[in-house]
**Q** 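Here's a structure for you.
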2 protein chains.
Amino acid sequence: MTAGQRAKNNTESVDNYLKAILYLSGVAECRVTIKALSERLLVAPASVTNMLQKLAAAPVSLVKYERHRGVQLSASGKRRALEVVRHHRLIETFLYEVLDYPIDEVHEEAERLEHFISERFEERIAAKLGDPRVDPHGHLIPTMDGKMPERLPRDLILLSDVEEAGAYLIDSFSDRSVNTLRLIEACGIAPEVRLRVKKCAPKGYEVSVGRSTKIFDLSREVARDLRLMRLPK
Amino acid sequence: MTAGQRAKNNTESVDNYLKAILYLSGVAECRVTIKALSERLLVAPASVTNMLQKLAAAPVSLVKYERHRGVQLSASGKRRALEVVRHHRLIETFLYEVLDYPIDEVHEEAERLEHFISERFEERIAAKLGDPRVDPHGHLIPTMDGKMPERLPRDLILLSDVEEAGAYLIDSFSDRSVNTLRLIEACGIAPEVRLRVKKCAPKGYEVSVGRSTKIFDLSREVARDLRLMRLPK
DNA sequence: TCGCGAATTTAGGTATACCTAATTCTTAGG
DNA sequence: CCTAAGAATTAGGTATACCTAAATTCGCGA
């Protein structure tokens with residue numbers, strides 16, 4: 001490194017690797033393969049190996065990495081990853097609640113900004129929003145001290161796995177597909193709203209949302225993005 | 001360029017060069033020297049030459065550059081520079097008005113975020129703020145169509161150039177020094193507020209602000225950052 | 001237990017945006 | 001009008017974060 005250049009770990013890129021590892025290792029926190037990371041990040045496997053070697057060798061190492069045996073986050077890697085997720089979900093909530101963004105535009109903007117906001121910005125939007133527990137999709141927001149909050153033990157199920165008609169509460173939905181999000185929003189689907197499943201056919205679902213009696217047809221595609229909580233009959 | 005890589009002009013770095021040229025070329029839009037840019041951007045002169053050559057050679061060239069004769073913005077360069085300045089000043093206003101930032105923290109955050117917000121974000125905060133004309137320092141905000149708005153012709157003078165006691169209106173102040181900003185704010189100085197100059201000594205100034213009769217001593221240092229409008233006697 | 005195919009790693013390269021050192025150009029003063 | 005100081009440019013290098021292609025290594029099934 002030449003004089004006048006500072007080591008800049010903690011780049012956008014590093015953040016994205018950490019987030020991807022966090023996501024892929026899941027609740028079990030198991031090892032993540034290079035291939036899985038490569039696919040999620042849309043980056044060649046060789047590039048992933050390279051980056052992981054750097055992350056592991058960093059002065060304060062962000063991942064535990066052994067050749068041919070996959071990666072896991074280290075304690076500090078996990079802390080950083082959760083901080084970025086906190087940024088992401090707070091920004092989404094802020095865009096939705098304060099700036100009246102359409103729900104399907106919230107993810108892309110947050111994906112960029114999450115890397116560049118300061119601690120102060122984080123603190124101010126959290127305050128403005130009253131320290132929200134979930135984002136507009138119903139996903140839990142990690143706490144300021146870098147932990148994922150426990151959720152009340154809920155009996156969760158994807159709509160696509162529902163096999164009998166009945167009453168449910170909407171827990172959360174994926175932020176992946178813009179089209180699905182538009183559709184979901186158009187039906188009035190939102191976290192903590194009641195969903196009544198009228199019929200489940202192999203091709204799709206008939207549901208009503210909230211107090212409305214209007215019936216919507218949802219495809220299996222959409223149903224895979226909807227996470228519900230069973231309500232007692 | 002390898003397959004799978006897209007040309008990414010319009011980087012943060014490019015934006016900063018364009019802003020610096022805009023600033024240094026001033027109202028007269030005269031040519032800017034490599035040395036001046038090098039000093040403003042804290043980058044070696046050789047790096048500046050390099051970057052300018054790229055900017056001039058780009059498919060849609062952002063600057064007019066001739067070896068040994070300095071640079072000027074092209075029409076599209078100027079448009080882009082003004083867009084970034086618009087982002088900067090809107091973000092500053094937003095942080096100050098909506099997120100209750102202290103005025104001395106507004107510049108640094110905006111300096112980072114200005115490069116990463118989308119058109120939608122710009123549009124939404126502008127709407128939220130009611131399309132403000134000036135930022136919290138009193139600086140004019142370029143319009144959506146990329147022009148610097150005309151200001152009413154005002155008879156402007158720096159406090160440091162004032163030689164006789166009298167009444168003035170505060171037009172704007174520099175966002176450069178955090179210390180100066182704190183001091184300025186503590187005195188209640190803000191755009192469009194009345195300032196009464198009681199005494200101007202070679203070492204400093206005695207002033208009162210707004211309706212208050214309290215007297216503040218301002219150093220020449222601070223006075224150089226304060227732009228005033230003369231009020232008729 | 002051996003070998004083959006998939007996963008991973010190494011080796012070598014590109015573009016960006018910097019840097020220093022060496023060279024060339026400009027121009028202002030004698 | 002000529003020269004030397006200072007400005008600008010060229011040449012050659014660094015770090016980051018990618019890439020492709022060519023080795024490796026692992027582990028599963030015959």
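Since the structure is predicted, the reported quantities are computational estimates derived from the model, not experimental observations. Numbered from 1 within each chain, the chains take letters A, B, ... in sequence-line order.
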**Q** Salt bridge between R120(B) and E123(B), side-chain N to carboxylate O under 4.0 Å?
**A**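 Yes.
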
**Q** Specify the separation, in whole Å, of atom NE2 of H68(B) and atom P of dC25(C).
**A** 6 Å

**Q** Quick one: label L52(B) by what it contacts on the DNA or RNA (base, sugar-phosphate, nothing), any heavy atom closer than 4.0 Å.
**A**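 Nothing, no heavy atom under 4.0 Å.
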
**Q** Side-chain N or O of S47(A) less than 4.0 angstrom from OP1 or OP2 on dC18(D)?
**A**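 Negative; the distance criterion is not met.
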
**Q** Return each pair, listed once, that meets ring-ring contact (aromatic ring centres under 6.0 Å, His included) where at least one residue sits in residues 52-85 of chain A; pairs must be two or more places apart or across chains.
**A** none

**Q** Let me know the distance between CZ of R69(B) and C1' of dT27(C), rounded to the nearest Å.
**A**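 To the nearest whole Å, that distance equals 12 Å.
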
**Q** Is it the case that the side chain of S25(B) and the backbone of I21(B) share a donor-acceptor pair, with hydrogens and angles ignored and the cut-off at 3.5 Å?
**A** yes

**Q** Is NZ or CZ of R40(A) both nearer than 6.0 Å to the six-membered ring centre of Y23(A) and within 45° of the ring axis?
**A** yes

**Q** What contact category does V48(A) fall into here, base, sugar-phosphate, or nothing, at under 4.0 angstrom with non-hydrogen atoms?
**A** nothing

**Q** In whole Å, I'd like the distance from the CE atom of M51(A) to the C1' atom of dT10(C).
**A**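 Taking atom C1' of dT10(C) as the reference, CE of M51(A) is at 18 Å.
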
**Q** Mind checking what makes salt bridge (charged side-chain N to carboxylate O under 4.0 Å, His left out) contact with R31(A), not counting sequence neighbours?
**A**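 With neighbours one apart ignored, the set is E66(A).
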
**Q** Just the rounded figure in Å: distance from C1' of dT9(D) to CD of E66(B).
**A** 15 Å

**Q** Looking at dT16(D), I'd like to know if its phosphate oxygens (OP1 or OP2) sit under 4.0 Å from a side-chain N or O belonging to Y17(A).
**A**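 No, no such contact exists.
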
**Q** List in chain and number order the residues that pass salt bridge (charged side-chain N to carboxylate O under 4.0 Å, His left out) with R86(A), two or more places apart in sequence or in another chain; answer none if no residue qualifies.
**A** E122(A)

**Q** Heavy-atom contacts under 4.0 Å between residues 29-38 of chain A and DNA chain C, which residues?
**A**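 Per residue number, the list reads T33(A), I34(A), K35(A).
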
**Q** Taking CD from E12(A) and C1' from dA17(C), how many angstroms apart are they, rounded to a whole number?
**A**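 The distance from CD of E12(A) to C1' of dA17(C) comes to 16 Å, rounded to the nearest Å.
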
**Q** Please name the residue in the list E108(A), E109(A), R112(A) that meets the side chain to side chain donor-acceptor pair (under 3.5 Å) test with S118(B).
**A**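 The option that passes is E109(A).
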
**Q** Phosphate oxygens OP1/OP2 of dA8(D): is one of them under 4.0 Å from a side-chain N or O of Q53(B)?
**A** no

**Q** In whole angstrom, what separates N50(A)'s CG from dT20(D)'s P?
**A**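 Rounded to the whole Å, the gap is 14 Å.
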
**Q** Strictly below 4.0 Å, N to O, side chains only: are R154(B) and D171(B) in salt-bridge contact?
**A**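 Result for this pair is yes, salt bridge flagged.
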
**Q** Could you tell me, to 10°, how much the axis swings from one end of the helix from dT1(C)-dA30(D) to dG30(C)-dC1(D) to the other, five pairs per end?
**A**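 Comparing the first five pairs with the last five, the axes sit 20° apart.
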
**Q** Check side-chain hydrogen bond (donor to acceptor under 3.5 Å, both in side chains) between S160(A) and all other residues, then give those that pass, not counting sequence neighbours.
**A**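 side-chain hydrogen bond (donor to acceptor under 3.5 Å, both in side chains) check on S160(A) returns nothing, list empty.
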
**Q** Any idea which of dC26(D), dT10(D), dC18(D) is nearest the V43(A) side chain?
**A**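 Nearest to the side chain of V43(A) among the choices is dC18(D).
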
**Q** Give S13(B) one of three labels, base, sugar-phosphate or nothing, depending on what nucleic acid heavy atoms sit under 4.0 Å from its own.
**A**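 Sugar-phosphate: the residue S13(B), judged by heavy atoms under 4.0 Å, touches backbone atoms but no base.
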
**Q** Considering heavy-atom distances to DNA chain D, does A44(A) or R67(A) have its closest nucleotide positioned more toward the 5' end?
**A**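 That would be A44(A).
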
**Q** Using the ring of each side chain (for Trp, its six-membered ring), is F173(B) parallel, tilted or perpendicular to H137(B), with breaks at 30° and 60°?
**A**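 Taking H137(B) first and then F173(B), their aromatic rings stand perpendicular (interplane angle over 60°).
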
**Q** Quick one: H115(B) NE2 to dA17(C) P, roughly how many Å, whole number?
**A** 12 Å

**Q** Please report, rounded to the nearest Å, how far the C1' atom of dA17(C) is from the CG atom of L55(B).
**A**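 Taking CG of L55(B) and C1' of dA17(C), I get 12 Å after rounding.
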
